[in-house]
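The block underneath contains the structure these notes are about, expressed in structure tokens.
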Amino acid sequence: QVQLIESGGGLVQAGGSLRLSCVASGRTFFNDPIGWFRQAPGKERIFVAAITRNGGALHYADSVKGRFTISRDNFKSTEYLQMNNVKPGDTAVYYCAIASRPGPFSDPGTYDVWGQGTQVTVSS
């Protein structure tokens, strides 16, 4: 059974940086696209970024383009989300997920394995 474990969240001031990590155990995810989503209190879980299996294609939500960078190291079964110039609106629980179903990268329904989430809080 595959598990995803996120880490790297915390409290950061606006304009600062954080790097989130997501480690997979139980199986490798060489062949699966990987995504990041976030969910603020009282709001829906929304797409942040996704990366294809070989890292050849990257997808970002408009709200994070130019500030966040997604990457992966398949040999370490680890995915990363580098967050730069963070804003208070980035405050949320961040989840990584494996996409094993056909569908848009931005659709949570495309993903069938989720981590437990890591809290990111940006102070103004």
OG1-CG distance between T121 and L11, expressed to the nearest 0.5 angstrom: 6.0 Å
Test side-chain contact (heavy atoms from CB on, under 4.5 Å) applied to M83 and L20, step by step: CA-CA 8 Å; M83 306 168 61; L20 306 184; 3.8 Å; yes
K65: partners by salt bridge (charged side-chain N to carboxylate O under 4.0 Å, His left out), with sequence neighbours left out: D62
Verdict with reasoning, N54 to R72, per side-chain contact (heavy atoms from CB on, under 4.5 Å): CA-CA 8 Å; N54 60 1; R72 66 190 292 169; over 6 Å; no
Close side-chain approach of R38 to V120, heavy-atom, < 4.5 Å: no
Nearest-0.5 Å distance, OG1 of residue T52 to CG of residue L58: 6.5 Å
For N85 against S17, the heavy-atom pair lying closest together: N-OG, 4.3 Å
Polar side-chain atom of E6 near backbone of G117 as donor-acceptor pair, under 3.5 Å: yes
4.5 Å side-chain heavy-atom contact, T69 and Y80: no
Test item: R45 side-chain N/O and V93 main-chain N/O as donor-acceptor pair under 3.5 Å: no
Exercise: identify the closest heavy-atom pair between A24 and L4: CB-CD2, 3.6 Å
CZ-OG distance between F37 and S106, expressed to the nearest 0.5 angstrom: 7.0 Å
Closest non-hydrogen atom pair between G35 and E79, with its separation: N-OE2, 3.6 Å
Backbone N/O of P104 and side chain of T110: donor-acceptor pair under 3.5 Å: yes
Parallel, tilted or perpendicular, as decided by the 30° and 60° cut-offs, for the rings of F68 and Y94: tilted
Exercise: identify the closest heavy-atom pair between N74 and R53: ND2-O, 2.9 Å
Approximate separation, where rounding is to 0.5 Å, of I34 CD1 and F105 CZ: 10.0 Å
G8 to L18 - nearest heavy-atom pair and separation: O-CD2, 3.7 Å
Test of ring centre spacing under 6.0 Å for Y111 and Y95: no
ILVMFWY cluster, V64 and F47 together (side-chain gap under 4.5 Å): no
Heavy-atom check, side chain of T91 versus side chain of Q119, under 4.5 Å: yes
Reported OG-to-CZ distance for the pair S71 and R19, which is rounded to 0.5 angstrom: 7.0 Å
Over all atoms of both residues, closest heavy-atom pair of W36 and I70: CD1-CD1, 3.7 Å
